[in-house]
Amino acid sequence: MTWPPAAVATVLVAASLVWRVVLAVRLPVVDIAGWQYHLVTVDVWLQSNQIERVSQNTWTDGWPATGELLTTWLAAFTHTHALSGFTGLLPIPLGMVAVAGLARGFGADRRPALLAGLLFGMIPALVALAGTSYVDPATTAAVIATWWLGLRLFGERDRATALLFGTAAGLAAGTKDTSLFLVLPILGWVLVAAAWEVIVGDHLGAPWRRLRSPAAQRLGLSLLSFVVFGGLWYLKDLLIHGNPIYPIGFGPFPGLPRDVFFENLPPRLAGLTWTEQVVRSWTADWHLTHYLYNVRPGGFGRAWLAIVPLALAGSALLWRSRRWAALWLIVVPAAVGFAVLPSAWYARYTLFLPGLALPLAAVALGSLRARPASLAGFLLVGLAAISLAAANLLPNISIPLHSRGVARLTGYVAFVLTAPDSQRTNVDLAKDCRTFDALPTGETVAITRSYSVPHAAVGQELERILAQPLDDPTSDAELLGSMRARAAQWLVTNRDDGTNGIALADPAHYVPYGRVCNKGLLWRFVPG
Amino acid sequence: MAGVVALLIASGAVLFASIVATARVRPRGGLASLLAIGLIAWASVDLIVGVAGLALRNLSPATLLTLSFAYLAVVLGSACRPPVRRSARP
C-alpha cells in the first residue's frame, strides 16, 4: 500500500466505490436486459413467493439465474427494486481481490499484484455496470476467483480450497452460460486429477477407503459445490428444454441460432472484420468522454493499450518460468474463447480479458527494476484515472442534463444528490415506460411473449402482478379464455403481434389504452 | 425504511457468519481470506434465498431474516468445535 502508484489507485478506487454506492441508492435500475429478464425473474419469484420456472420469455426461461438470486435478496426485504442495482456493484471488490490473488498465483510480486487488482476496479465498462442488474461483474469475479483457486489447488490440496474452488466455478457458471468455456478447463483438470489420485493413489486397507481419502473429499466437495451453485440450472434446462445450455442451440440440442445472441453490433463496427472490430473497440476509449452502462464500442479504458503488451510480456515470463498450469488451463482457454466469441469487441462480454491481462501485466511489472516499475505503474494509473473519471462524473444512463462542460458535471452530481424522488426515479426506461404508472396498484397484467420489457408492466415497486405470458392466441375465444384464466385486467402486446387484430375486432372486451414503451400496446380488458 | 434496515441486519448476519467460517478454514494469506469471505457470503445468500424459495416457498423478509440468523447460529455453533486440520502438502 506504501507503493505510490498503488496508493494513488487505492484512493481513486475507494472514492469511485463510494460514489457508486451513492448512485446505486439514489438512481433507479433502468438497464434494458434487467427489464427484459433479470428483474423479470425476480418479479415473478417475489410475486409468487417462491422460486419457480419463469416462462415470460426465452431468456427468463433459459439463462441460469444465480445472479438473480442475489438480486432477489436485495429486493425481497423492501419489495422494490430500489437497491437491485447493487447486483452489479457488490461483485466488483470481489473481482479486485481475485485479480490481485491471480496475479500472486502467477508469481507476481505483492505490489504489482495489488496494483493489478486496483486497476481492475478502474475498468470503466465494469464501473459503469455498478448500479445495474447485469450479472457480468459477478460472472467475471467468479471466473477469476475460479482460476486463482484452481491454481492454489495445485499447491494446497485442502478441503476448504476445494470447496471454495467448486463454489466459485458454480457461481461463474450459474450467472452466465458463456463463463463455462473459461472455467471448465481448470475445473475438469482439477476433478480428473483428484479422481486419478483416488483411483491410483496408495490407500491402505479395503478399496472403499479410497472414497474417504483426501483426494476423494476434494473431488466430492468441488463437484458438489459446483452443482449446487451453478450446475443445477443446466440440469433444469436439460430436463425442461432437452438442452443444458438452452436457449443456445447447438448440435442436436434445440434452441436459438447463435447469431441471435449477438445482435448488438454498433453501426461503427458494421462491415468490419473480427480483428478490425476488436482494434476499433479497444481504441475507442481515447474518444469517449462518458460511459453508458452497456458501452460499445470501447469500455476497457485508456490504459488498456498499455496493459496488453505488458500482459503479453507476462505470458512470455510464465512460459519461461514453466508455469504450465497457468498457461494451459487459464491463459490458453481464455485466448481461444476470446478468439471464437462472436462479440469479442464487446467489453461487457469480455471483462475476463482485463481480469486475466492485469495479473499477467503484474508479472511483467514485477520483473522491472523499482524505478521503471513505479513509472509504469503511475502511467497505468494515470491513464486509467482519466477513464474512471469519465465513467463516474457523467451519467451511465439517460438523464436529461441541459448544461455543458463543468456545469454538466456539477449538474449531474446535484441531480443525484438533491433532485426530488419524482425526478430522480423518472429517467431512462422508467421515463419511457411511465404510461404504466397510470395503472392501478395490485391489478394483473398479461403480456404476449414478444413484448420485450415485461418488467415495465410490473413497475419498480412491484405494483402490478405479472400473469403467465400468453401463448400467441389465434382466436378471440382463445384470447378471452387466456385472459379470464389469468384474471388479468390489462393486456400488453407488441405492435407487430397478431393478437392486436384479435383485440381490435372485439372492442367490447379490449379497450385500447395507447402505446407503451418498446413497441408495446396497452389494452384494458373487460371480462364481460 | 424498515425493509432496508432488515436487509442490512440480515446481510450483516451473513457477512459475520462468512467471516467466522473463513476464520475456521484459515486460508493462507490476506487476499485468500478476503476472497473466501466474499465467496462464502455470496454463496450463503444464494443458499438462503434458494432454501426459502424452493424448500419453504416463502420469500418474505421474516423468513429470510430468520434463515440468516439460523445460518449464523449454525456457523457459530460449528466454530466452537476444533478447526479443520489441513492435509499435508504433497
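Only heavy atoms go into these numbers, but all of them, side chains included; no hydrogens, no water, no symmetry mates. All of these numbers come straight from a predicted model, not from anything done at the bench.
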Please classify the contact of [X] with chain B as side chain, backbone, both or neither, using a heavy-atom distance under 4.5 Å.
X      : answer
A:L83  : side chain
A:T66  : both
A:A138 : both
A:L163 : neither

Minimum side-chain heavy-atom gap [X]-[Y] below 4.5 Å:
X      : Y      : answer
A:Q50  : B:N58  : no
B:R28  : A:R152 : yes
B:L7   : A:W73  : yes
A:L69  : B:I48  : no
A:D158 : B:V25  : no
A:L149 : B:L39  : yes
B:D46  : A:L171 : yes

Which one of [options] has the most heavy-atom pairs closer than 4.5 Å to chain B?
options              : result
A:T80, A:T167, A:V97 : A:V97
A:L46, A:N49, A:L94  : A:N49
A:F77, A:F229, A:W45 : A:F77

Which answer fits [X], side chain, backbone, both or neither, if we ask what part of it has an atom under 4.5 Å from a heavy atom of chain A?
X     : result
B:A55 : neither
B:T63 : neither
B:S68 : side chain
B:I37 : neither
B:V14 : side chain
B:A10 : both

Nearest heavy atoms of [X] and [Y], plus distance in Å:
X     : Y      : result
B:A36 : A:L164 : CB-CD1, 3.7 Å
A:A76 : B:L64  : CB-CD1, 3.4 Å
B:V49 : A:I51  : O-CD1, 3.5 Å

Return the option, out of B:S11, B:G29, B:A2, with the maximum number of heavy-atom pairs under 4.5 Å with chain A.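 The candidate making the most pairs under 4.5 Å is B:S11.
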
In terms of heavy-atom pairs under 4.5 Å with chain A, which of B:G30, B:A32, B:G38 leads?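 Among the listed options, the one with the most contacts to chain A is B:A32.
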
CG-CE distance between B:L35 and A:M96, expressed to the nearest 0.5 angstrom: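 Rounded to the nearest 0.5 Å, the CG-CE separation comes to 13.0 Å.
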
Supply the atom-to-atom distance B:L31 CG to A:R110 CZ, rounded to the nearest 0.5 angstrom.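 Result: 8.0 Å between the selected atoms.
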
